[in-house]
Amino acid sequence: MNFVFIYAEVKANKMLKKFVCTAMTFLLLFGGISPILPAKASEEVTINAESAILIDANTGKILYEKRADELLPPASMSKMMTEYLVLEAIHKQTISWDQKVPISDFVAEISHESDASNVFLDPEQEYTVKDLYEAMAIESANAATMALAEFVAGGSYERFVEMMNEKAKELGLKDYVFVNSTGLPNNMLKGRHVAGSENDEDRLTARSTAKLAYRLINDYPEVLETSSIPMKRFQGEVLPDADPLECLADWTSMAHWNEMLKGLKHEYEGMLGLKTGYTEAAKYCFTGVAERNGMRLISVVMRSDSQDQRFIDTKRLLDYGFNHFEVKEILPKGAHVEGFESLDVTNGKEKKVPISTTEPLKTIVKKGEEDLYEPVFVLDEEILNEEGELTAPVKKDTIVGHVELKYNGDKEIRYIIDGGKEIVSVSTDAAVEKANWFIRMMRGIGGFFSGVFSSVVETVKGWF
């Protein structure tokens, strides 16, 4: 595998280009053929939704976007932030899955609202964090989401909304407004909203929504285990063979609003989740996660015209991604850097140590464009002495730099995360022990006499 440290630009032969252009003009005029031009993303996929984005779930590379920076109501896609904070609390062990969650009278009242997605909750009954989390992730249950929010924030719903906005900033979301944990309009909270005005709703852009989903599934991948369940009985077993309509009519059961899951109306191969949303202002929204052939994609559509249309839009986005892009391994694990196969070591038993990549360097590329990507080695000069050497002792697997990809095409490569790029570390393949004093002395003596000899040779040369 070839690496480059200094970039070179190859110029095309102007005479050849002139000949090709002349020949193509002749064919177009007299050959009866139509020009074939490379299609832009916007020509390859038509999205009804007002705003949309498609990204690679592993690198965060943006594959398609349409008005992705419009600040819009995300409806229940807001619950992804609640999921994030719940899972974070689980990992920090401030709460546990089997803990009992108290149900306030207000939360119980909200759970019986017929115009909002819910499972019925009773203050006299016991519900675990796991019960309510599954209700939130599968049924998009609003009251269950509110109960979890209060529990995570130590009983203060207002504090939880503050935590949502703080976490959004920490995750690097650029545009966001969270006024409640559910994505419902504040006016559905019967005057008991804790942030914003009575008519406010949460606000996110498609880009921020995709970034939230990216962080959610990468920081807490177990979220997909629940978001991929099509139907489940509340506090009970998964229902693999249930009729979706009957499940929706049964208040003891939960049917996922994501109809692209297996067995549902818009079933899509490889669909794993993640979150739907609807309010009158938001229209129909959906953040989808799907995986095929080792490639995982995240799609976001906002303000689609109908429940079916949001899944049609999502299918078009995902089909575009899976049909036009592929994962390529640019470098295997253990690849040696051409021109940098080893580094010099001072005061070591060995004078050099081999170095190689610690893992494969993979990226998602548009089909046919893999040759436009070039691996570039970047050495960490801070670990070297003034002579550009490592100083013994050197441990095996010491990171000495990294390889990153350079794109040589004419498109702008953008990422959902700031400073995004595909890189892998380069480390030492072996340890180098410090040489004992005798070896170091002999090397010093050898170096001294070598220097003297070289000086004599140069002097003698000067005589002639």
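As the structure is a prediction and not an experimental result, all values here were calculated from the model. Heads up: numbering here begins at 1 and tracks the sequence.
With rounding to the nearest 0.5 Å, the separation of CD in Glu370 from NZ in Lys328 is 4.5 Å. Atom OG1 in Thr82 sits 8.5 Å away from atom CG in Asn180 (nearest 0.5 Å). Interatomic distance, Ser427 OG to Asp397 CG, rounded to the nearest 0.5 Å: 5.0 Å. Taking NE2 from His402 and OG1 from Thr357, the interatomic distance works out to 13.0 Å, rounded to the nearest 0.5 Å. In this structure, Ile383 CD1 and Ile399 CD1 are separated by 9.0 Å, a value rounded to the nearest 0.5 Å.
Under the 3.5 Å distance criterion, the side-chain polar atoms of Arg292 are matched with a main-chain donor or acceptor of Glu269. Looking only at distances, no side-chain donor or acceptor of Lys232 sits under 3.5 Å from a matching main-chain atom of Ile138. Judged purely by atom type and a 3.5 angstrom limit, His256 has no side-chain atom pairing as donor or acceptor with the backbone of Ser228. Remark: side-chain polar atoms of Thr182 are not paired, donor with acceptor, to backbone N or O of Met146 under 3.5 angstrom.
In summary, Glu88 and Lys167 engage in a salt bridge, as defined by a charged side-chain N under 4.0 Å from a carboxylate O. Between Glu369 and Lys366, none of the side-chain N atoms (NZ, or NE/NH1/NH2) sits under 4.0 Å from a carboxylate O, so this pair counts as no salt bridge. By the 4.0 Å N-to-carboxylate-O rule, Asp69 lies too far from Lys174 to be salt-bridged with it. Checked for salt-bridge contact, Glu65 and Arg414 meet the test: a charged N lies under 4.0 Å from a carboxylate O. Comment: Glu259 does not engage Arg310 in a salt bridge, judged by the lack of any side-chain N to carboxylate O separation of less than 4.0 angstrom. Salt bridge annotation for Lys283-Asp305: present, with a cationic side-chain nitrogen under 4.0 angstrom from a carboxylate oxygen.
For the residue pair Asp313/Ser304, the side-chain donor-acceptor check at 3.5 Å is satisfied. The closest side-chain donor-acceptor pair between Lys275 and Ser78, if any, does not fall under 3.5 angstrom. No side-chain N or O of Ser197 forms a donor-acceptor pair with one of Asn199 less than 3.5 Å apart. For the residue pair Asp308 and Ser306, no side-chain donor N or O sits within less than 3.5 Å of a side-chain acceptor on the partner. Side-chain contact annotation: Ser356 with Asp429, donor-acceptor N/O pair under 3.5 Å present. A donor atom on one side chain and an acceptor atom on the other are found under 3.5 Å apart for Glu422 and Thr363. Judged purely by distance below 3.5 Å, without hydrogens or angles, the side chains of Thr209 and Thr287 never pair a donor atom with an acceptor atom. Side-chain atoms of His266 and Gln307 include no donor-acceptor pair closer than 3.5 Å. For the residue pair Thr398/Lys395, the side-chain donor-acceptor check at 3.5 Å is not satisfied.
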Next item on the list: Applying side-chain contact (heavy atoms from CB on, under 4.5 Å), run through Leu272 and Glu291 and close with a yes or a no.
Entry: CA-CA 7 Å; Leu272 300 174; Glu291 185 171 19; 3.9 Å; yes
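Ring geometry for Tyr320 versus His324: interplanar angle of 30 to 60°, hence tilted. Between Tyr84 and Tyr220, the two ring planes are perpendicular [angle over 60°; tilted spans 30° to 60°].
Residue-environment remark: CD (Gln93) stays at or below the threshold of 12 foreign heavy atoms within 6.0 Å. Atom NZ of Lys315 is surrounded by 12 or fewer heavy atoms from other residues, nucleotides or ligands within 6.0 Å. Other residues, nucleotides and ligands contribute more than 12 heavy atoms inside 6.0 Å of the CD atom of Glu387.
At least one side-chain heavy atom of Ile413 sits less than 4.5 Å from a side-chain heavy atom of Tyr373. Side-chain contact between Val376 and Leu405 is absent, with no heavy atoms from C-beta onward closer than 4.5 Å.
When each of Lys61, Lys367, Met295 is paired with Phe325, the side-chain contact (heavy atoms from CB on, under 4.5 Å) condition holds for Met295 and for no other. Looking at Val223, Leu148, Thr226 one by one, the single match for side-chain contact (heavy atoms from CB on, under 4.5 Å) with Glu83 turns out to be Val223. Each of Leu132, Val86, Ile95 was checked for a side-chain contact (heavy atoms from CB on, under 4.5 Å) with Phe151, and the lone residue meeting it is Ile95.
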